[in-house]
2 protein chains.
Amino acid sequence: MIVLLLYLPKIKLLMFELPTTIPIQVNAKLYLKDPNSSDLGIKIVSKSIDLINAIGFEDFTIRKLAQAINSTEASVYRYFESKQKLLLYLISWYWSWMEYRLVFATTNISSSKVKLERAISLITDKIEHDEKYNYINLKKLNSIVFTESTKSFLNKEVDKENKLGAFSEYKKFVEKVSDIVIELNPKYKFPNMLISTVIEGAHLQHHFTEHLPRLTNASTKEDHIQLFFSDIVFKSIATTKK
Amino acid sequence: MIVLLLYLPKIKLLMFELPTTIPIQVNAKLYLKDPNSSDLGIKIVSKSIDLINAIGFEDFTIRKLAQAINSTEASVYRYFESKQKLLLYLISWYWSWMEYRLVFATTNISSSKVKLERAISLITDKIEHDEKYNYINLKKLNSIVFTESTKSFLNKEVDKENKLGAFSEYKKFVEKVSDIVIELNPKYKFPNMLISTVIEGAHLQHHFTEHLPRLTNASTKEDHIQLFFSDIVFKSIATTKK
DNA sequence: CAAATATAATAGTAATACTATCATAATTGC
DNA sequence: GCAATTATGATAGTATTACTATTATATTTG
């Protein structure tokens, strides 16, 4: 069924035009009980996105979440074994969704250059409209990933969580974009580094633009961040013509 | 006195050859009582670096620190009003120290290109030898900044802390390196973005190399990270010769 | 050597992540 | 349609945390 969709005649770029029936896959080891399997699970995921986005992951507590959905801490812990795992679930969901966006944005495009341009847009553009994918607010989730995702791997648990597969969606996405880089320049030595740098760099630059503007040269109005990273990528992988 | 040092005939690059008498300035609003003013303050800073490096900032507690230096929580809180402020102090110290390293690495160098190369090395190279600057273990502090510093600004307190000047040493450093970029190409539009991306990107790539290698193309043995970022920078700012 | 200051000792608060237990509600299998 | 299973709620509890308050004892300073 997914394959069928990929062959639709006109594939649109923007995420809000994606069909909402595609199942987003998240590693089952990130939850104790699939939140998609019940109303409560759905409320947990949906409301945790609202809450983390509103108050930040540090101030976010399972108790606050439970109160917000008229449930109890114990019930939440039946779905996610920890606050960390819940965050990992959300981030993993995000990258799985980004992978679909990438597929839709690049299918039937013959030019590798255009494909890479579109991938960079997907990565560097902040979602500005309040759109939902089922019960998930994509703008808020996007915002969470931008500000909280480094915390998911910059800790002492990273190896343990990596073994669980917590970062495999992220890695898959990076590798898919890296593959486009390799199409354009098979000799370029650092495609994965380049793409992971663009991803994390774009997240940070968005944060800096808003809070520490002296670290950037980007205005909030124009898409300087996209321009900047696009420039970096294409200059880096350009094959020298002599 | 500082000025004098800058005019020493032969300026060496490596940090362990810096004189240890240069006072590193840290914004006074980051502490309640200057830790340099007493034995206890020195022990707090010195041991917190050891501890945070060993167990990570999340697991680091003021109680553990107090026990490690045979003191009490209350005493530590007389120097730093919070765990966060202590981290901000350490990071601020780091950037102040990096500024000195930058000055020493670039003084009396006429070529802007060489200056920028040296700056990039300073930024991207991890400190591998256990060297001390007075009571501060530079290797451990370097490691802390690489893994914990994003947490210092990726939170809801960032604006408040920014007003205190918590990030001014970092900004100063970024701007000093950006100035070299501008020397090389006055028309380049994103010097600050470029340098802050290189700094944060290099930190992350070091972490990825160790924990999530699929996100990189760097081996731990070679200086691929330096090569990669050096390549990015010089290609990005190259003036097109047609 | 008195006065000021720094530190230690001790206790306490409110909040946190997470666990345990048991009762009740909702769903399912037959 | 009803028993058995499962999901949730209610409630309580643990150990730990960041941080504060208070008082006593060192240590330094004028």
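Throughout, a chain's letter reflects where its sequence line sits, starting with A, and its residues are numbered from 1.
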Salt bridge Lys156(A)-Glu58(B), side-chain N to carboxylate O under 4.0 Å:
no
For Glu81(B) and Arg78(B), find the nucleotide of DNA chain D closest to each by heavy atoms; which residue's nucleotide sits nearer the 5' end?
Glu81(B)
Using a heavy-atom cut-off of under 4.0 Å over every strand shown, decide if Phe80(B) touches base, sugar-phosphate, or nothing.
nothing
Are more than 12 heavy atoms, taken from residues, nucleotides or ligands other than Lys29(A), located less than 6.0 Å from that residue's NZ atom?
no
It should be established whether Ser71(A) places a side-chain nitrogen or oxygen under 4.0 Å from OP1 or OP2 of nucleotide dG9(D).
yes
Return the value, rounded to whole Å, for the distance between atom OH of Tyr77(B) and atom P of dA8(C).
16 Å
Measure the distance from CD on Gln67(A) to P on dG9(D) and round it to the nearest whole Å.
13 Å
Between Tyr94(A) and Trp97(A), is the ring centroid distance below 6.0 Å?
yes
Determine whether more than 12 heavy atoms belonging to other residues, nucleotides or ligands lie under 6.0 Å from atom NZ of Lys47(A).
no
Between P of dT17(D) and CZ of Phe57(B), the distance in whole Å:
13 Å
Nucleotide dT16(C), atom C1' - distance to CD1 of Ile55(A) in whole Å
13 Å
Quickly work out the Lys83(A) NZ to dT17(D) P distance and round it to whole Å.
15 Å
Looking only at dG12(C), dA8(C), dT16(C), the nucleotide nearest the Thr72(B) side chain is dA8(C)
Interatomic distance, Leu86(B) CG vs dC19(D) P [rounded to whole Å]
10 Å
Between Glu175(B) and Lys172(B), does at least one N-O distance fall below 4.0 Å, as a salt bridge requires?
no
Spacing between Glu73(B) atom CD and dA6(C) atom P, to the nearest angstrom:
20 Å
Quick one: is Ser38(A) getting a side-chain N or O under 4.0 Å of the dT8(D) phosphate, OP1 or OP2?
yes
How close or far is atom P of dT28(D) from atom CG of Asp39(B), stated in whole angstroms?
9 Å
Check the phosphate of dT7(C) against Lys33(B), side-chain N and O only, distance under 4.0 Å to OP1 or OP2. Yes or no?
yes
Closest to the Leu40(B) side chain: dG9(D), dA8(C), dT16(C)?
dA8(C)
Can you check whether Lys64(A) has a side-chain N or O nearer than 4.0 Å to OP1 or OP2 of dA15(C)?
no
Want to settle it: does Ser75(B) or Ser82(A) sit nearer the 5' end of DNA chain C, counting the closest nucleotide to each?
Ser75(B)
